[in-house]
Amino acid sequence: MAAMTDAPLMPIPGHFDTVPVPRAAVVREDGRVDLLGLTREQLRQSLADAGLEPKQAKLRSKQLWHWIYNRGVTDFTLMSDIAKAQHPWLSERFVVSRPEVVEAQVSSDGTRKWLLRSPDAQDYEMVFIPDADRGTLCVSSQVGCTLNCTFCYTGTMRLVRNLTAGEIVGQVMLARDALGEWPSQPEGRMLTNIVMMGMGEPLYNFDNVRDALKLVMDNEGLALSKRRITLSTSGVVPMMARAGEEIGVNLAVSLHAVTKEVRDEIVPLNRKYGIEELLAACAAYPGANNARRITFEYVMLKGKNDRDEDAHELVRLLRKYKLPAKVNLIPFNPWPGADYECSTPERVSAFSDIVFQGGISAPVRRPRGRDIMAACGQLKSAAERKSRAELDRLAAEKQAALG
Ligand code: SAH
Ligand code: SF4
């Protein structure tokens, strides 16, 4: 396999296509194998492939696992129960990576955003949102997104590639580093919750997201409970049952509209998987019940989806499918060039009241980190912003030349 740096940048193959990127096993420029993101079995196999006897490979992989995911150690020389003589052998062949941090910002409300870069120079972002009783890490699953929801900044990115399992779990590792939360302990953590709500559509990168979340949930490693992890999808219906069975975390669905006409427009994936089909898949989602309700996200767009009738229709639909549901109303977060405005606060609370009266909880999400463009739907990599600006400039020049 070619080194990552030689990989051509992948154009978006069409609105609905998944990104056909092969599975992890990233070969670094220096030829060493990154152990971060490997399953237990892959870790053992990597050691065996490098020449360790089966028994040795088994023992060492257990030790490495503990150092990597429980202790957060990246330097083999600090792994004290591994014989000193073996440290150089390991360092020559393997690394335990972290995503490169290009920029770290802190919002006036305490929200933190990191711009990260992969070895093949792809940028992605992660956001940490501290609250009084919890701390939530918002993790990206792809660089960009193929789905082009009209209100989402990430959807305007041209380039897309799936993040590897290592790059996904790497975000959690980096956050733990930044918060000083090693070794892993059950009590008193700042990072308590994870939401797959950063850049990208997690169900279009299913295997890597599953493998990464398995590492996050592993009891002997990062040990986060599946009840504290939420995966948000714009509605990739065919993957939802597998998400429930193979990952089993909480589900959030980006509904955003209740009529075919409006959802087709603002969430174009709706043209492929319609509202009724989506709600039926939610009703069948394994593990959903009244104690673990499905969250329906609804972005409040002025004059687009925010009428009283829409709120009534939302209640009717959720009831029709007997969904154990809660609704999360998200005030629209603006970005440069967006065609939408946020609904007025009065409209948002009127909408919320109607849904509440229909017996469904409908809190309004407090926007976080807007001043550093860290809020929902505002994530887009800096390099991409630049190239987009560059493109706009070129387009303007072309226009001018055409007279
Ligand atoms: N791709 C997945 C997960 C990431 S987006 C999904 O769409 O569900 C996380 C949430 O933010 C989604 O509900 C998304 O629709 C919403 N969102 C996107 N752009 C937004 C914006 N500008 N303002 C508010 N919410 C937005
Ligand atoms: Fe992609 Fe989600 Fe943004 Fe839609 S809202 S473009 S699915 S990241």
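Quick note: numbers below take in every heavy atom, side chains included, and nothing from hydrogens, waters or symmetry partners. Read the numbers this way: they start at 1 and go in the same order the structure lists the ligands and their atoms.
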### Query
Would Glu125 and Lys113 pass as an ion pair if we require N to O under 4.0 Å?
yes

### Task
Of all the heavy-atom pairs spanning Arg365 and Pro331, show the shortest one and how long it is.
O-CD, 3.1 Å

### Task
Assign the ring pair Phe332 / Tyr340 to parallel, tilted or perpendicular, where the plane angle (0 to 90°) is split at 30° and 60°.
perpendicular

### Task
Could you tell me whether Arg368 and Asp109 have a side-chain N and a carboxylate O separated by less than 4.0 Å?
yes

### Task
Spell out the protein N/O/S atoms under 2.8 Å from atom 4 (Fe) of ligand 2 as residue plus atom name.
Cys149 SG

### Query
Are Ser141 and Tyr124 close enough that a side-chain donor and a side-chain acceptor fall under 3.5 Å?
no

### Task
Enumerate the protein residues lying less than 4.0 Å from ligand 1, judged by heavy-atom distances, in chain and residue-number order.
Phe151, Cys152, Met196, Met197, Gly198, Gly200, Glu201, Ser232, Thr233, Ser234, Ser254, His256, Glu297, Val299, Ile330, Pro331, Phe332, Asn333, Trp335, Cys376, Gly377

### Task
Answer with yes or no whether the side chains of Asp310 and Asn305 bring together a donor and an acceptor at under 3.5 Å.
no

### Task
Classify the side-chain pair Asn70/Trp182 by whether it contains a donor and acceptor separated by less than 3.5 Å.
no

### Query
With no hydrogens and no angle check, do the side chains of Arg292 and Asn250 hold a donor and an acceptor under 3.5 Å apart?
yes

### Message
I need the minimum non-hydrogen distance between Glu265 and Thr150, along with the two atoms involved.
### Response
O-CG2, 3.5 Å

### Query
With a 4.0 Å cut-off, strictly under, does atom 2 (Fe) of ligand 2 pick up any protein heavy atom?
no

#### Entry: Cationic N near anionic O, under 4.0 Å, Glu167 to Arg161
yes

